[in-house]
2 protein chains.
Amino acid sequence: MFNHHLDFSVYHARVRSYDQYCSIARGLDIIGDRWTLLIVRELLLQGPCRFTDLKNGLPGVATNMLSSRLKELEQTGLITRYDAPPPVATVLYELTRDGADLEPVLKQIGLWGLRRMTDDRADDAFQASWLAYAPAWFTADANPDGPPATIQLIAGGQEAVIALEGGSVRTWVGHVDHPDLVIDGSPRAVLGLVTGMIDLKAAKALGSTIRGKHQLLQRLHPIPATPEVE
Amino acid sequence: MFNHHLDFSVYHARVRSYDQYCSIARGLDIIGDRWTLLIVRELLLQGPCRFTDLKNGLPGVATNMLSSRLKELEQTGLITRYDAPPPVATVLYELTRDGADLEPVLKQIGLWGLRRMTDDRADDAFQASWLAYAPAWFTADANPDGPPATIQLIAGGQEAVIALEGGSVRTWVGHVDHPDLVIDGSPRAVLGLVTGMIDLKAAKALGSTIRGKHQLLQRLHPIPATPEVE
DNA sequence: CCGGATCCCCAGGGATACTG
DNA sequence: CAGTATCCCTGGGGATCCGG
């Protein structure tokens, strides 16, 4: 092998900057590129991921785009890349503290974006983890002292669970036995119902099936549309 | 993928979409393009603006870019465009409610971006309004019952005022007579000092001049780096 | 199969000139 | 002042290829 005295081991991306001494502009210098925040979303929702996990969680992304973004994210200190021990024995990507600190940013974008979810687009991809984060991030238990309860969500074949307990709204992907309430319908209907964008009547009109303790929906209280930072 | 409404009477941009039924992705479909959020920043900080006001507030933007973004923003309902009456007698751009609701998004991005403000870049643009929003958005009065006070900030020739009164931290661009405290220095030093990123000693080491009631700085309490949405 | 790298092509973005 | 028009370049999308 020839040694060209060139160091190819350190990736150096050309970073396009707004060149403004403003924390918003500097933030956008780092996270403003296409796909970047969605990669952070996946790592926040899924935890450490393999390349393929990210690819599957980001329908529509090109592999070269994902690859180059991961390098940039590593270079800017938002993720770390490490070799997982057996039995995984592959490369894992994980958020650093700086990267995980973007959660409030994603929450606010997602909260703002909720109002644009009112139409179904046939070719939109949909995943259970996206169904799960909405009630966890955008609702609170209106009756924190109420009894523990679970709600099974089924939307477009994707399943997620909402658990009300101790005043918190927790969610995860998957199935629960003996839920107190089952909501089955289109992504729009199920998401709309649990985030308070539509009511029970409208959800049923959209073809949803709701079985169990309907009044549990009253406990899912949407958080204000424009909360203060503090 | 692309929306191909062919309508010749109304401007219709081809909106690139992530095609994911996820409120974060849908939000980014609208606000994720380059310059979009910085235009919203200017309209939030300055109020209704003329084209030239925006151009001046967005150093580095190309006029065609600004023009096309304004059309997109109008089309997506984030701004309105209207003819101002005399004596202005020109077109003004103003945020709609939907557009103004992006303030929490900008706050979180700016709060996250603060940590990347630690280096001065010689060719970065700087404006007084960017100096002003930081203490207003990212600090609180640690002594809400304390006496009213004003702080004059001077950074890179740009002037802004901080007013502590009634528990609130208000700021504006410009000059105040008889401030209780005057901070004069580089953008990095002044911003770092008022947002709690650096201390008085470090600010002085960076060449800052601080005159007046130094203890007023104790009242500027940085808000937590990762506050909950609620 | 996993984890990318490479190539091609087009659209989005940037700089500047120009016009009502 | 308020944008258009033009040119050019780079970033991003899509498919394919390749070593482990």
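For the numbers below, each heavy atom of this structure counts, side chains included, while hydrogens, waters and symmetry mates do not. None of the values given here were measured: they were computed from a predicted structure.
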Short side-chain to backbone donor-acceptor contact, Ser23(B) and Gly110(A), under 3.5 Å: yes
Donor + acceptor pair across side chains of Trp130(A), Glu42(A) (<3.5 Å): yes
Atom-to-atom span, CG of Leu54(A) to P of dG3(C) - whole angstrom: 10 Å
Salt-bridge contact Glu72(B)-Arg69(B) (side-chain N to carboxylate O under 4.0 Å): yes
N/O (side chain, Thr90(B)) to phosphate O (OP1/OP2, dC1(D)) under 4.0 Å: no
Value in whole Å for how far the C1' atom of dC18(D) lies from CG of Asn64(A): 15 Å
Sugar-phosphate, base or nothing in reach of Thr63(B), heavy atoms under 4.0 Å: base
Nucleotide nearest Ala62(A) when distance is taken to its side chain, options dG14(D), dT4(D), dA15(C): dG14(D)
Lys NZ or Arg CZ of Arg81(B) over Phe51(B) ring: under 6.0 Å, within 45°: no
Rounded distance in Å - CZ (Phe51(A)) to P (dC2(C)): 11 Å
Integer-rounded Å distance: dG14(C) C1' and Asp19(A) CG: 13 Å
Phosphate OP1/OP2 of dA5(C): any Lys71(A) side-chain N/O under 4.0 Å: yes
Phosphate OP1/OP2 of dG3(D) contacted by Ser67(B) side-chain N/O (<4.0 Å): no
Nearest-angstrom distance from the residue atom CG of Asp33(A) to C1' of dT10(D): 12 Å
Main-chain N/O of Pro187(A) paired to Asp120(A) side chain as donor or acceptor, under 3.5 Å: no
Presence of Arg81(B) side-chain N/O under 4.0 Å of dG3(D) phosphate oxygens OP1/OP2: yes
dG3(D) OP1/OP2 closer than 4.0 Å to side-chain N/O of Tyr93(B): yes
Any Arg50(B) side-chain nitrogen or oxygen under 4.0 Å from OP1 or OP2 of dG3(D): no
Separation of dA5(C) P from Leu66(A) CG (nearest whole Å): 11 Å
Any Trp35(B) side-chain nitrogen or oxygen under 4.0 Å from OP1 or OP2 of dG12(C): no
Euclidean distance, atom CZ of residue Arg34(A) to atom C1' of dG13(C) [Å, nearest integer]: 14 Å
For atom CE of Met65(A) and atom C1' of dG11(D), their distance in whole Å: 7 Å
